[in-house]
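Down below is the structure, laid out as structure tokens.
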Amino acid sequence: MRLLTHNMLSCNIKGVTNGFPLKIEATKVIEKQVDLNVDFLKNMFLKVEWKALVEASRSMGYAELPEEADSSLLGSEEFLKKFHHALLELHLEEGALICPETGRRFSVTKGIPNMLLHEDEV
Amino acid sequence: MWYLCVFFHRLLDFRKPEVESLAKLFGDDDGDGSLQWKLPQHHHPDSPFHLVNLPSEHVARSIARRSILVKGIYELWGEASNYEELEEAIKKYPDERKLPFLSSDTTFKINVDTFGKAISFQEQTDRIRKMSYIPFKGRVNLKNPEQIFWIMETDDYGSNNGLPPVIQRTVFFGREVGAPDRKLIPTYQLKTRSYLGPTAMDAEMAFLMANQGLVASGKLVYDPFVGTGSILIAATHFGAMTMGADIDIRVVRDGRGPNCNVWSNFKQYGLCSPISLLRADNNLPPWRPDLKEVFEAIICDPPYGVRAGGRKSGGRKLLKGIVKPYIVPDDKRLGHIPSTAPYSLAECLHDLLDLAAKMLVMGGRLVYFYPVLRDNTTERQYPEHPCLKLVAISEQILSLRYSRVLLTMVKVGKYTEEIALEAKARHLEFKENHLKWLEEGNLHSAVFSPATPNLDVDGDSKLGKDATPKYRGKYV
């Protein structure tokens with residue numbers, strides 16, 4: 001699972017109001033190189049919750065992202081590279097996503113987060 | 001400018017919508033995407049020969065290269081009912097349109113193609129030799145010519161040979177503007193793919209769906225019923241970033257082993273892997289509540305219960321001996337496998353349209369298959385949503401009893417809570433009036449139940465009146 005996905009997911013247990021961002025418990029993180037697509041990054045920058053991305057990349061062991069970011073940074077190649085790396089190249093292969101409100105663990109195995117709810121959470 | 005657009009004689013209902021979608025993708029105008037079409041004289045609408053008005057040669061070439069059902073797009077130099085008239089027509093065609101492609105510094109070849117008949121190599125050569133009145137100055141190059149000219153011919157066989165009837169013989173002569181990549185479908189065909197499911201989308205259709213979804217480089221495409229990833233493979237080939245979800249974790253996570261799963265399918269073709277695959281329920285999507293307008297296209301084949309039925313969360317509420325609502329014991333939570341309940345197509349479609357209305361960017365497209373019965377008794381109605389406009393309807397006949405229809409919807413309105421409520425009300429009304437037949441396995445039984453003898457007689461008489469013609473015994 002890449003951090004772009006993490007940035008889109010929340011805990012959707014019935015009654016939970018603050019299910020975002022999910023905390024990352026990383027057991028195994030891998031890196032895969034991906035071609036950089038500037039248009040895609042610019043597009044995604046507008047959709048991403050920046051704080052959650054910074055937090056998530058730290059919990060995966062990558063601390064290069066600035067605390068704050070606005071669209072003026074998109075002109076910088078160095079920033080784009082870091083953003084690209086955090087968003088698309090870091091993979092959570094094994095671990096879990098934890099709901100900040102209830103502490104519910106959504107396991108991630110073989111890179112696939114299991115977001116399905118139990119019967120009593122629907 | 002008008003171009004001759006020659007189609008393959010297949011998936012007749014999909015051909016014009018595909019060209020219109022690609023014109024929208026490559027054209028720079030903001031029109032509604034509909035194009036002007038004309039038929040050559042005496043041609044049937046199902047004929048492979050059509051004339052289309054496109055903004056430029058560049059757009060025409062881009063469409064032809066990307067298309068699945070276009071055989072080629074040509075600048076038409078002459079159209080006639082025999083070769084003598086063709087000569088006149090070509091001579092009348094303005095020199096300034098012809099000479100640049102005939103000059104001495106170009107290379108060219110002439111191809112002969114026929115529809116509905118076969119001609120020998122000798123006859124082909126004769127036809128090419130007859131063209132000597134055109135002042136070709138360039139050198140012939142059969143392997144890699146800069147210009148390809150085509151002689152295309154149909155006979156006046158009426159409706160006798162099982163193809164769309166042609167009343168009068170037609171001969172076309174044109175310069176090729178663009179033609180598709182013929183290696184595309186053979187490369188991706190399912191029989192060479194390592195990991196397949198029972199309802200994997202065939203390669204040709206998956207590419208058509210990607211074209212309807214205006215998939216292009218850098219766009220984010222989502223398939224909520226991803227299965228073995230066959231639709232996303234087509235989208236990735238065209239450069240999209242993809243995401244997929246499925247409720248069956250075995251399909252997306254495990255596959256058939258480390259080298260036979262959804263990821264390996266992408267690797268097999270050297271394609272970029274999806275951004276993510278996740279296990280999620282389309283009925284209860286796990287997206288953060290404020291997330292909207294992220295996907296440029298949502299392309300999917302929803303489970304409509306003929307070959308595979310849908311499932312959603314929240315099945316078994318009772319466990320043996322416990323009469324209260326089912327609570328998962330704390331010590332069993334970790335490895336618990338939640339049960340799922342059947343997911344009716346009506347509900348599934350409502351969720352899909354709601355998801356599309358919310359998560360598509362403005363102008364983004366929802367492309368999906370919808371089943372219909374072919375009993376001709378009910379008027380066809382398709383799901384609606386206030387934010388989405390239906391722009392293309394293409395039917396693929398699957399059996400005597402049912403078809404699937406590829407629907408293409410464009411997001412035209414912003415999503416708000418009020419609209420969501422209005423959509424819900426519209427959906428309930430639609431479900432009441434048009435989806436009764438889809439519930440509780442009705443579709444399944446309509447497709448698979450044995451025919452009653454009475455119905456058979458009926459069926460035969462209906463066949464005669466069937467609006468969709470068969471060609472050489474098949475629906476194409």
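A note on names: the letters A, B, ... follow the listed sequences, proteins ahead of strands, and every chain is numbered from 1. The structure presented is a predicted model; accordingly, all values stated were derived computationally and were not measured.
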Working to the nearest 0.5 Å, report the span between CE of A:Met115 and CZ of B:Arg279. 11.5 Å

Quick one: are A:Arg2 and B:Ser273 in side-chain contact, heavy atoms under 4.5 Å? yes

Less than 4.5 Å to any heavy atom of chain B: does that hold for the side chain of A:Asn37, its backbone, both, or neither? side chain

Go through the atoms of A:Asn7 and report whether side chain, backbone, both or neither lie under 4.5 Å from a heavy atom of chain B. both

Close side-chain approach of A:Lys110 and B:Asn261, heavy atoms under 4.5 Å: no

Among A:Asn43, A:Thr109, A:Asp39, A:Leu88, which residue forms the greatest number of heavy-atom pairs with chain B at distances under 4.5 Å? A:Thr109

Under 4.5 Å, counting heavy-atom pairs only, tell me which of A:His118, A:Met1, A:Arg105, A:Lys14 racks up the most with chain B. A:His118

Contacting moiety of A:Glu121, where chain B heavy atoms sit under 4.5 Å: side chain

Looking at CZ of A:Phe40 and CD of B:Glu296, how far apart are the two atoms once the value is rounded to the nearest 0.5 Å? 8.5 Å

Return the CZ to CD distance between B:Arg288 and A:Glu49, rounded to the nearest 0.5 Å. 4.5 Å

Enumerate donor-acceptor pairs with a distance under 3.5 Å from any side-chain N or O in residues 57-66 of chain A to protein atoms, sequence neighbours excluded.
{"from": "A:Ser57", "atom 1": "OG", "to": "A:Leu53", "atom 2": "O", "distance (Å)": "3.2"}
{"from": "A:Ser57", "atom 1": "OG", "to": "A:Val54", "atom 2": "O", "distance (Å)": "2.9"}
{"from": "A:Ser57", "atom 1": "OG", "to": "A:Tyr62", "atom 2": "O", "distance (Å)": "3.3"}
{"from": "A:Arg58", "atom 1": "NH2", "to": "A:Glu67", "atom 2": "OE1", "distance (Å)": "3.1"}
{"from": "A:Ser59", "atom 1": "OG", "to": "A:Ala56", "atom 2": "O", "distance (Å)": "2.7"}

Answer with side chain, backbone, both or neither: which region of B:Asp290 has an atom nearer than 4.5 Å to a non-hydrogen atom of chain A? side chain

Top residue by heavy-atom pair count (under 4.5 Å) with chain A, among B:Leu277, B:Leu278, B:Ile275, B:Ile247? B:Ile275

About how many Å separate CD of A:Gln33 and SG of B:Cys272, when rounded to the nearest 0.5 Å? 12.0 Å

Should we count NZ of A:Lys47 as having more than 12 external heavy atoms under 6.0 Å? yes

Just how far is it from atom OG1 of B:Thr340 to atom CG of A:Leu116, taken to the nearest 0.5 Å? 8.0 Å

Under 4.5 Å from a heavy atom of chain B, the part of A:Leu117 involved: both

Could you tell me which portion of A:Leu4 (side chain, backbone, both or neither) has an atom closer than 4.5 angstrom to a non-hydrogen atom of chain B? side chain

Residues 226-250 of chain B vs side-chain hydrogen bond (donor to acceptor under 3.5 Å, both in side chains), sequence neighbours excluded, gives B:Tyr188-B:His237, B:Asp248-B:Arg250

Sort A:Val16 into side chain, backbone, both or neither according to what part of it lies under 4.5 angstrom from a heavy atom of chain B. neither

At a 4.5 Å cut-off on heavy atoms, which part of B:Ile249 comes close to chain A: side chain, backbone, both, or neither? side chain

Given a strict heavy-atom distance threshold of 4.5 Å, which part of A:Ser107 is in contact with chain B: side chain, backbone, both, or neither? neither

Contact origin within B:Leu284 toward chain A - heavy atom pairs under 4.5 Å: both

